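Everything numeric here is computed off the predicted structure, so don't read it as measured data. The first residue of the sequence shown is numbered 1, and numbering continues consecutively from there.
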Amino acid sequence: MSAESIKLKEQQVAEYAEKFGKAKSVVLVDYRGLTVAEDTAMRNEMRKAGVEYKVVKNRLMARAFAAAGIPGFDVIEGPTAVAVSYDDAVAPSKIVVDTVKKTNDKIAVKGGVVEGKVMDVNGIKTVATIPAKPVLVAQLLGMLQSPLRGLAVALSEIAKKKEA
């Protein structure tokens, strides 16, 4: 292998190590079996959600995880794509798991890292069930407003009774 080729691979490892280190979520996918249309649809969803999706050589990916201080990905087999999100920890998991369902298991989740925690297939599937951030915020606001609304109604009823 030429010195130029080695240097290029070292740069790629450093680039991915940096990405994996600052990502909120990284999901590894075995993408075999997808048609071009299915793959394009999944990539479009990833793009809309701000998720980077790319096929990466397993050795480079394993070295990048090691360089980022993330253990457990030293043995990655078969064709692997990686979905990386810097903003939304749930988006890559949700998109990949939805694609698995839509395509009748033509692709498979291999594992991933969410908020610095290494997860297996079941962990990624569990993360995919978490509602999106805007939905969680809306639910939280609804829960916070509910007691206040109840208090306002109660006070209003007390005021009406005192007037009568």
Side-chain angles (χ1 to χ4, degrees), residues 1 5-143:
M1 193 179 296
S5 177
I6 291 172
K7 187 173 181 169
L8 176 65
K9 288 183 180 189
E10 287 173 352
Q11 287 175 332
Q12 289 174 327
V13 167
E15 176 187 332
Y16 279 102
E18 182 182 340
K19 287 180 181 199
F20 296 160
K22 67 181 182 181
K24 288 202 176 202
S25 178
V26 177
V27 177
L28 304 179
V29 182
D30 182 342
Y31 59 90
R32 288 181 288 194
L34 284 183
T35 65
V36 173
E38 291 165 337
D39 186 56
T40 302
M42 183 175 69
R43 286 176 184 267
N44 287 338
E45 284 185 55
M46 297 266 189
R47 214 172 288 116
K48 286 177 194 170
V51 176
E52 286 183 29
Y53 179 77
K54 190 170 186 177
V55 175
V56 181
K57 290 189 175 192
N58 291 341
R59 279 196 192 135
L60 294 179
M61 196 178 331
R63 288 181 181 150
F65 276 119
I70 302 170
F73 292 106
D74 48 345
V75 181
I76 304 170
E77 294 181 6
T80 306
V82 62
V84 181
S85 178
Y86 305 105
D87 301 321
D88 186 349
V90 177
S93 301
K94 190 174 285 298
I95 293 168
V96 171
V97 170
D98 285 349
T99 303
V100 169
K101 290 175 187 172
K102 287 178 195 173
T103 62
N104 295 318
D105 298 322
K106 285 185 181 178
I107 66 170
V109 177
K110 291 184 172 187
V113 180
V114 178
E115 298 286 356
K117 186 173 187 261
V118 175
M119 299 195 162
D120 63 4
V121 175
N122 292 328
I124 295 297
K125 287 180 179 178
T126 301
V127 169
T129 64
I130 297 171
K133 189 174 181 177
V135 174
L136 287 174
V137 170
Q139 288 174 345
L140 177 63
L141 289 175
M143 288 185 339

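No more than 12 heavy atoms of other residues, nucleotides or ligands shown are found within 6.0 angstrom of NZ on K125.
The shortest heavy-atom contact between F20 and V82 is CE2-CG2, 3.9 Å. Between V51 and S85 the shortest heavy-atom distance is CG2-CB, 4.0 Å. Closest heavy-atom contact between V118 and P71: CG2-O, 3.4 Å. Here the shortest heavy-atom pairing between K24 and D87 reads CD-O, 3.3 Å. Closest approach of V121 and V109 over heavy atoms only: CG2-O, 3.1 Å. Nearest heavy-atom pair, A23 versus V84, reported as atom, atom and distance to 0.1 Å: CB-CG1, 3.5 Å.
Rounding to the nearest 0.5 angstrom, the gap separating the CG atom in L60 from the OG1 atom in T80 is 11.5 Å. The line from NZ of K54 to CZ of R43 is 10.0 Å long, rounded to the nearest 0.5 Å.
A donor-acceptor contact shorter than 3.5 Å links the side chain of K94 to the backbone of I130. A donor-acceptor pair is defined here as one N or O able to donate and one able to accept, closer than 3.5 Å; no such pair exists between the side chain of D39 and the backbone of L34. Checking side-chain atoms of K106 against main-chain N and O of T99 turns up no donor-acceptor pair under 3.5 Å.
The shortest side-chain heavy-atom distance between V96 and I124 does not fall under the 4.5 Å cut-off. A 4.5 Å side-chain heavy-atom check between Y86 and E52 finds at least one atom pair inside the cut-off. Side-chain contact between F65 and V113: present, with at least one pair of heavy atoms (C-beta onward) separated by less than 4.5 Å. A 4.5 Å side-chain heavy-atom check between V55 and Y31 finds at least one atom pair inside the cut-off. Side-chain contact between T103 and M42: absent, with no pair of heavy atoms (C-beta onward) separated by less than 4.5 Å.
For K101, the side-chain contact (heavy atoms from CB on, under 4.5 Å) criterion is met by V97, not counting sequence neighbours.
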